[in-house]
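Remember, it's a predicted structure, so these values are computed and weren't measured experimentally.
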Amino acid sequence: MTDSNKEFEYGGMLINGFAMIFFTFVLIPALIIGCIAAGGEDNLWLSIGGTAVLGILFIIGCVGYFTQEPNEARVMIFFGKYRGTCRRVGYFWTNPFLTRRKLSLRLRNMDIEPIKVNDKVGNPVLIGMVLVWRIKDTYRAVFDIDSSSLGATGTSISNAALERFVRIQSDAALREVTGHYAYDQSGLDDAELTLRDGGEEINELLERKINDRLSMAGMEVVEARLNYLAYAPEIAAVMLRRQQASAIISAREKIVEGAVSMVDMALKRLEEDKIVELDNDRKAAMIGNLLVVLCSDEPAQAIVNAGQ
């Protein structure tokens, strides 16, 4: 399906509403009163006919008025045929036989509730997002989405139909994007992108995928951002323990690295300052004691050798 914009500007009759007020509410009532006053026995039927015609014109004239605010549009339909989209702002009068379907072009927020999806490695995760969208092609929004069952009328398009379409397509795009990435780096190459650290790249991909789906209905996504990401409850506890274990291992590596450097520094200082000469056995004992003291979780207890 092509993504070209099918709408075009309405080029039919569009008259300033305040100018038409004079004709509808002043001139026509004056003519009606004139016909009634001029009626007599000789002109009775002519007076009745003229009054009836003017009365019909008055009723029809009252139907043609409409007011349009900024970021609103009306799709003009003449007996089933699309005649264009009016985006002009103001108070107007147009052909009363035109069906004018009102659409809001303003930005809309949608909070997509977290859904359960399997990531790239098969872990179930809960993921949600915030969506900012708007209508871009009024033709597609009106004629390509079935909203008859959700309260659409002859003068408006159902917001519930638009929101339901956006929500369903956004869920589908979110599931597709989530399936391409793992939750975090556990068991993966450090250079590989994940959901946790993807940031703008994940958001841009998500926005592009949703736009591809919504373009068929004349809508566009202005911004899409992940606002919730967590493991599913059934594996959350296990994953938490795994993260804690990884953190402990990383901390231990730092502690051991620091302890070895401190032991090496101590031995070099002892040799350089010639404080004491140690043979290999005493060096080994000293290194062992220092590593125990530096790497232990609990404070070391000193043992004083008083001799015999």
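Nearest heavy-atom pair across A224 and L131 is CB-CD1, 3.6 Å. The two residues E69 and E72 make their nearest non-hydrogen contact at N-OE1, 3.2 Å. Between R88 and Q68, the shortest heavy-atom distance links the atoms O-NE2, 2.7 Å. Across all non-hydrogen atoms, the minimal contact from M20 to I15 is CG-CG2, 3.6 Å. Across every non-hydrogen atom of D212 and S215, the tightest pair is O-OG, 3.1 Å. Residues L162 and A141 share a closest heavy-atom pair of CD2-O, 4.2 Å.
Remark: V130 pairs with D111, N227 by the side chain to side chain contact (heavy atoms under 4.5 Å, CB included) rule, at least two apart or across chains. Among residues two or more places apart in sequence or in another chain, the ring-ring contact (aromatic ring centres under 6.0 Å, His included) test is passed with F92 by F66. With sequence neighbours excluded, the residues forming a ring-ring contact (aromatic ring centres under 6.0 Å, His included) with Y139 are Y82, F143, listed by chain and number.
In this structure, R74 contributes its side chain and T67 its backbone to a donor-acceptor pair below 3.5 Å. Looking at R106, its side chain does come within 3.5 Å of a backbone N or O of P70 through a donor-acceptor pair. Judged purely by atom type and a 3.5 angstrom limit, N211 uses its side chain to pair as donor or acceptor with the backbone of V221. Proximity of a side-chain donor or acceptor of N118 to a complementary backbone N or O of G179 within less than 3.5 Å is not detected.
Rounded to the nearest 0.5 angstrom, R164 CZ and I145 CD1 are separated by 10.0 Å. A distance of 5.5 Å separates CG in L14 from OG1 in T94, rounded to the nearest 0.5 Å. Taken to the nearest 0.5 Å, the CZ atom of R87 stands 9.0 Å off from the CG atom of L103. Interatomic distance, R167 CZ to E113 CD, rounded to the nearest 0.5 Å: 7.5 Å. Atom-to-atom distance recorded for I202:CD1 and L193:CG is 4.5 Å, nearest 0.5 angstrom. We find the CZ-CD1 distance between R213 and I168 to be 11.5 Å, quoted to the nearest 0.5 Å.
When each of I210, L205, L206 is tested with R208 by the rule side chain to side chain contact (heavy atoms under 4.5 Å, CB included), just one qualifies, namely L205. Each of T138, T85, V142 was compared with R101 under the side chain to side chain contact (heavy atoms under 4.5 Å, CB included) criterion, and only V142 meets it.
A 4.5 Å side-chain heavy-atom check between I115 and R175 finds at least one atom pair inside the cut-off. At least one side-chain heavy atom of I60 sits less than 4.5 Å from a side-chain heavy atom of F97. Residues W133 and V166 form a side-chain contact, since some pair of their non-hydrogen atoms from C-beta on lies under 4.5 Å apart. The side-chain heavy atoms of V117 and L174, taken from C-beta on, include no pair separated by under 4.5 Å.
Membership of the apolar cluster around V132 extends to L107, V222, as traced through chained side-chain contacts below 4.5 Å between ILVMFWY residues. Side-chain contacts under 4.5 Å among hydrophobic residues (ILVMFWY), followed directly or transitively, place Y228 together with L126.
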Check your understanding: Would M13 and W93 satisfy side-chain contact (heavy atoms from CB on, under 4.5 Å), going step by step from the backbone distance to the final call?
Key -> CA-CA 8 Å; M13 180 177 58; W93 186 90; 3.6 Å; yes

Check your understanding: What do the steps show when you test N95 against R83 for side chain to side chain donor-acceptor pair (under 3.5 Å), and what is the final call?
Key -> CA-CA 12 Å; N95 185 347; R83 304 294 294 182; over 6 Å; no

**Study point:** Stepwise side-chain contact (heavy atoms from CB on, under 4.5 Å) check, R100 with M76
**Key:** CA-CA 5 Å; R100 304 179 295 275; M76 304 298 194; 3.5 Å; yes

Exercise for review: Under the side-chain contact (heavy atoms from CB on, under 4.5 Å) rule, what do L98 and I77 come out as? Steps first, then yes or no, please.
Suggested key: CA-CA 6 Å; L98 281 171; I77 306 171; over 6 Å; no

Review point. Given Y181 and T194, is the side-chain contact (heavy atoms from CB on, under 4.5 Å) satisfied, shown in steps?
Key: CA-CA 5 Å; Y181 300 96; T194 65; 5.7 Å; no

Atom pairs and distances, donor-acceptor, side-chain atoms in residues 254-265, under 3.5 Å, two or more places apart:
{"unit_1": "S261", "atom_1": "OG", "unit_2": "E257", "atom_2": "O", "d": "3.4"}
{"unit_1": "S261", "atom_1": "OG", "unit_2": "G258", "atom_2": "O", "d": "2.7"}
{"unit_1": "D264", "atom_1": "OD2", "unit_2": "K268", "atom_2": "NZ", "d": "3.3"}

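Applying the 6.0 Å contact sphere to CD of E223 captures more than 12 heavy atoms from other residues, nucleotides or ligands.
With ring centers used as reference points, Y91 lies under 6.0 Å from Y65.
Grouping the Ile, Leu, Val, Met, Phe, Trp and Tyr side chains by contacts below 4.5 angstrom, directly or via other members, places F22 apart from V63.
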